[in-house]
Amino acid sequence: GTMIKFFRKIRKNLLNEGKTAKYFKYAIGEIVLVVIGILIALQINNWNEDRKDKIVEDNFFENILLDLEKDEVKLDYYTTFHTKRIEYLDTLLTYVRNPNKVMGIEKFGMYVEPLFYAADPINNNTTFESVKTLGISNNFKEKEIIKELSQYYADFTALDKSFSSILRLIETKFEPLMYTLPENYMTENTGDLVINEGNVQQFYDKVASIKDYRNITADYEKILRTQSMENYIIGDMGRTYNALGKINSRKALLKNLKKRIENYD
């Protein structure tokens, strides 16, 4: 109140003295002060908004880095899985193409068993998706990195398709071929070369614990000699090399993204 009263008094005095010009100058001065006050308030408000946006953006990138680290672990696992798969296929093909080499049922079991398994493609994109859904990223300064992240997550479908094509081949070609063979060749060691994220040993122990009184032999040689086996091995090998290519290009993208995010201010 006292300030307002003071201004009112000055205004009254000026008008009473008939100094209209002075009064207008004073009035304009007052308007200018009010405008400056509003501008300062707006500026402070902008600074606050920018600061809030920066905090949100910083948190976003911190969480994205955590997601990318999870991805990195997965991609390393996928590399191991598919590299080993090629080794097993290579070994089998050597026996298929060399009838004088005897594989033996135990070794045969250990090398075909991992081929029943496929890798499960997982995309750690929760942080990115939630921000995209809320549309917050529009206020982010780092538009370029957001674009690259968007590309990185969109490229996941290539990996997904590649893994699915291996799974499809297993289900339509490998399993029908293997199911013509009695599975009494399985022992608790059959799964030794299997690469899987879950523990599969219990399954092999269980199968091995049930004694077989039927006296039938699994003629694994017959399967090794079928043309379908060679075709399958080559088809699987081709798809597995393709998967490795996709994994490596994703790894390169990820590495680049991590560097960009770590260097962002």
Side-chain angles (χ1 to χ4, degrees), residues 46-90 114-170 193-200 236-265:
N46 282 345
W47 281 332
N48 276 337
E49 286 305 315
D50 284 352
R51 210 194 52 193
K52 277 188 213 155
D53 286 346
K54 179 88 173 84
I55 291 167
V56 172
E57 192 167 0
D58 287 351
N59 283 341
F60 167 75
F61 281 128
E62 264 172 49
N63 288 323
I64 281 285
L65 276 177
L66 291 175
D67 281 356
L68 290 177
E69 269 153 34
K70 282 186 212 156
D71 264 2
E72 221 167 0
V73 172
K74 272 280 179 229
L75 288 168
D76 284 343
Y77 165 73
Y78 295 148
T79 302
T80 307
F81 182 93
H82 292 90
T83 308
K84 285 286 181 197
R85 189 179 194 90
I86 286 168
E87 278 175 35
Y88 304 152
L89 289 161
D90 183 280
L115 304 182
F116 281 100
Y117 295 83
D120 209 5
I122 286 168
N123 196 10
N124 296 294
N125 62 345
T126 36
T127 304
F128 187 74
E129 281 306 312
S130 55
V131 162
K132 207 170 82 179
T133 311
L134 295 167
I136 314 170
S137 59
N138 301 335
N139 303 334
F140 289 174
K141 297 267 184 289
E142 295 295 330
K143 296 276 191 277
E144 218 26 66
I145 301 183
I146 299 294
K147 221 157 75 189
E148 282 172 40
L149 272 171
S150 191
Q151 190 55 54
Y152 171 78
Y153 287 115
D155 280 351
F156 176 75
T157 52
L159 196 69
D160 197 8
K161 277 181 185 158
S162 171
F163 286 15
S164 299
S165 77
I166 295 174
L167 181 61
R168 239 184 356 261
L169 200 67
I170 294 169
L193 300 179
V194 167
I195 299 164
N196 195 48
E197 286 174 297
N199 181 15
V200 292
D236 191 331
M237 218 181 239
R239 281 171 166 80
T240 306
Y241 270 115
N242 180 277
L244 272 174
K246 300 275 188 287
I247 293 161
N248 288 334
S249 64
R250 194 159 180 79
K251 271 185 172 174
L253 271 176
L254 188 146
K255 217 168 157 182
N256 180 43
L257 265 171
K258 266 184 80 175
K259 216 167 29 211
R260 290 286 304 271
I261 294 168
E262 280 159 1
N263 293 335
Y264 127 90
D265 176 31

Residue pairs fulfilling salt bridge (Lys or Arg N to Asp or Glu O under 4.0 Å) with at least one residue in residues 118-132, sequence neighbours excluded: Glu129-Lys132

Residues Tyr88, Ile195; criterion side-chain contact (heavy atoms from CB on, under 4.5 Å); working and verdict: CA-CA 11 Å; Tyr88 304 152; Ile195 299 164; 4.2 Å; yes

Kindly give the heavy-atom pair with the smallest separation between [X] and [Y], and that separation in Å.
X      : Y      : result
Pro114 : Arg85  : O-NH1, 3.7 Å
Arg250 : Asp155 : NH1-C, 3.8 Å
Ile64  : Ile261 : CG2-CD1, 3.6 Å
Asn124 : Tyr153 : O-OH, 3.5 Å
Ile146 : Phe128 : O-CE1, 4.2 Å
Lys246 : Leu159 : CB-CD1, 3.9 Å

State the [atom1]-[atom2] distance between [X] and [Y], to the nearest 0.5 angstrom.
X      : Y      : atom1 : atom2 : answer
Ile247 : Leu254 : CD1   : CG    : 13.0 Å
Thr240 : Ile166 : OG1   : CD1   : 4.0 Å
Asn48  : Asp53  : CG    : CG    : 11.0 Å
Phe81  : Asp76  : CZ    : CG    : 15.0 Å
Tyr152 : Leu68  : OH    : CG    : 5.5 Å
His82  : Asp236 : NE2   : CG    : 9.0 Å

Short N-O contact, Asp50 and Lys54, less than 4.0 angstrom: no

Test: Lys141 and Glu57 ion pair at under 4.0 Å: no

Pair Tyr77-Ile122, side-chain contact (heavy atoms from CB on, under 4.5 Å): steps then yes or no: CA-CA 11 Å; Tyr77 165 73; Ile122 286 168; over 6 Å; no

How about [X] and [Y]: do any of their side-chain heavy atoms sit closer than 4.5 Å?
X      : Y      : result
Asp67  : Asn125 : no
Val200 : Tyr117 : yes
Ser164 : Asp160 : yes
Leu66  : Thr127 : no

Under 3.5 Å: donor-acceptor pair, side chain of [X], backbone of [Y]:
X      : Y      : value
Asn248 : Leu244 : yes
Asn63  : Asn59  : yes
Ser162 : Ala158 : no

side-chain contact (heavy atoms from CB on, under 4.5 Å) between Glu87 and Leu193, intermediate numbers included: CA-CA 11 Å; Glu87 278 175 35; Leu193 300 179; over 6 Å; no

Residue pair Lys258, Glu72: steps toward the salt bridge (charged side-chain N to carboxylate O under 4.0 Å, His left out) verdict: CA-CA 10 Å; Lys258 266 184 80 175; Glu72 221 167 0; 3.0 Å; yes

Lys143, NZ atom: more than 12 neighbouring heavy atoms under 6.0 Å: yes

Intermediate values then yes/no, ring pair (Phe, Tyr, Trp, His ring centres under 6.0 Å), Phe163 and Tyr78: CA-CA 10 Å; Phe163 286 15; Tyr78 295 148; 4.9 Å; yes

Phe61 and Leu149: CA distance, side-chain angles, deciding distance, side-chain contact (heavy atoms from CB on, under 4.5 Å) verdict: CA-CA 11 Å; Phe61 281 128; Leu149 272 171; 4.2 Å; yes

